There are 2 protein chains.
Amino acid sequence: MAIEEVPRRRADAVTETAATGRALTHPDRADIRLESVLHALSDPMRLQIVRELAAKEAELTCSQFDLPVTKSTTTHHFRVLRESGVVRQVYRGTAKMNGLRRDDLDSLFPGLLDSLLAAADRQAARLGDTGRTPVGG
Amino acid sequence: MAIEEVPRRRADAVTETAATGRALTHPDRADIRLESVLHALSDPMRLQIVRELAAKEAELTCSQFDLPVTKSTTTHHFRVLRESGVVRQVYRGTAKMNGLRRDDLDSLFPGLLDSLLAAADRQAARLGDTGRTPVGG
DNA sequence: GCTCTCGTACGATACTCATCGTACTACGAG
DNA sequence: CTCGTAGTACGATGAGTATCGTACGAGAGC
């Protein structure tokens, strides 16, 4: 992976920790790779997260998602989404806000995100899965 | 996986083997899952295969692809594409013809395949990758 | 200060998967 | 029947990853 770990010192420095939060590593727009995005979205858990994010059109904290996994696993999935360039994460107090990177994604791959979301909605409706408006959205 | 292996008898029966070939297991249209499709397409090798298939608009044999892997691996990738519902494979003599399942994909997820292909083309053009017409094909 | 909550980091584990090599089957041509 | 070509099957292997538990860090409220 080309993503370098931020050397975060512990119990030692609050360097990055401003009022709005610590720094999180995001790939630059030009570094977002289609394969990584598809891989991120090929996990049912992560696809669900992205669908909810798109449905709400707003930033959500990690804990607002009702995922059937532990906190550790949730962190893992959000990290994958962030490192693949699908979501942007910002600290806000103790909470971490998650937002879709629509601008970047639409700029790189016009129409892709909407097609993906529509496909996910369609499939959910077809399989009786909930998570968003059933049809005609 | 819900895909059952065909119990293929060896050196015994030519049952399925008609002039046009042996039977290959394909998922029914209703069984194609978005996550599986995305997973299949998240591999650079397989994405490349699909792009060539789409570009040629025709059925191609496995050996017509110039992939930097062995025959075994090639077989593996085509199997993943077939079992995820992305391609349809038909035997024709010793050759195996591969074709995109556009009808099924477009029916299940309208516009998705085109967006995906366009996104792949865009990225290839951006990164200087070859494999298809650079722009304005 | 203490404590509660939100989220991270690390290690472990089990599973998936991309890759290979070798042995094999299936078909077509001589 | 023999040979060559296209592709499969199986086993191995090394890398990736989804999951967990536990210990920890950062901010908010007392």
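Treat the numbers as computed from the prediction; the structure is a model and nothing was measured. Just so it is clear: chains get the letters A, B, ... in the order the sequence lines come, proteins before strands, and each one is counted from 1.
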- [ ] Rounded off to whole Å, could you give me the CG-to-C1' distance for the B:Asn98 and D:dT8 pair?
- [x] 14 Å
Task: Audit row: B:Thr74, B:Thr70, side chain to side chain contact (heavy atoms under 4.5 Å, CB included) steps and yes/no - done: CA-CA 6 Å; B:Thr74 302; B:Thr70 64; over 6 Å; no
Task: Nearest-nucleotide 5' precedence on DNA chain D, B:His76 against A:His39 - done: B:His76
Open item on the list: Starting the side chain at C-beta, find the nucleotide from D:dC20, D:dA18, C:dA18 nearest to A:Val69.
Closed with: D:dC20
- [ ] Give the rounded distance in Å between these two atoms: CE of B:Met45 and C1' of C:dC17.
- [x] 13 Å
- [ ] To the nearest Å, give me how far apart CG (B:Leu67) and P (C:dA18) are.
- [x] 13 Å
Task: Base D:dT8 to side chain B:Ser72, donor-acceptor N/O within 3.5 Å cut-off - done: no
- [ ] Taking atom types as modelled, find out whether B:Arg82 and B:Thr25 have a side-chain donor-acceptor pair closer than 3.5 angstrom.
- [x] yes
Open item on the list: Among D:dA18, C:dT19, C:dC6, which nucleotide has an atom closest to any side-chain atom of A:His77?
Closed with: D:dA18
Task: Between P of C:dG7 and CG of A:Leu60, the distance in whole Å - done: 11 Å
TODO: Would you mind telling me which residue lines up with the more 5' stretch of DNA chain C, A:Thr75 or B:Asp43, judged by nearest nucleotide?
DONE: A:Thr75
TODO: Taking atom types as modelled, find out whether A:Ser72 and A:Thr75 have a side-chain donor-acceptor pair closer than 3.5 angstrom.
DONE: no
- [ ] Would you check if B:Arg33 and B:Ser84 make a side-chain contact, meaning some heavy-atom pair closer than 4.5 Å?
- [x] no
Task: Side chain of B:Arg46 - closest among C:dA18, C:dC6, D:dA18 - done: C:dA18
Task: Phosphate OP1/OP2 of D:dC20 contacted by A:Thr73 side-chain N/O (<4.0 Å) - done: yes
Task: Proximity to the side chain of A:Thr70 - top-ranked nucleotide from C:dA18, D:dC20, D:dA18 - done: D:dC20
Open item on the list: Measure CZ/B:Phe65 against C1'/D:dA6 and give the value in whole Å, please.
Closed with: 14 Å
Task: Phosphate-side-chain proximity, A:Arg79 and C:dA9, N/O vs OP1/OP2 below 4.0 Å - done: yes
Task: Whichever of B:Arg82 and A:Lys71 has its nearest DNA chain D nucleotide further upstream toward 5' - done: B:Arg82
- [ ] Mark yes when over 12 heavy atoms from residues, nucleotides or ligands other than A:Asp28 sit less than 6.0 Å from its CG; otherwise mark no.
- [x] yes
Task: For atom CZ of B:Phe78 and atom P of D:dA9, their distance in whole Å - done: 15 Å
Task: Donor/acceptor link under 3.5 angstrom from B:Lys96 side chain onto base of D:dG7 - done: no
TODO: Select base, sugar-phosphate, or nothing to describe what A:Thr74 touches, counting heavy atoms under 4.0 Å on all strands.
DONE: nothing
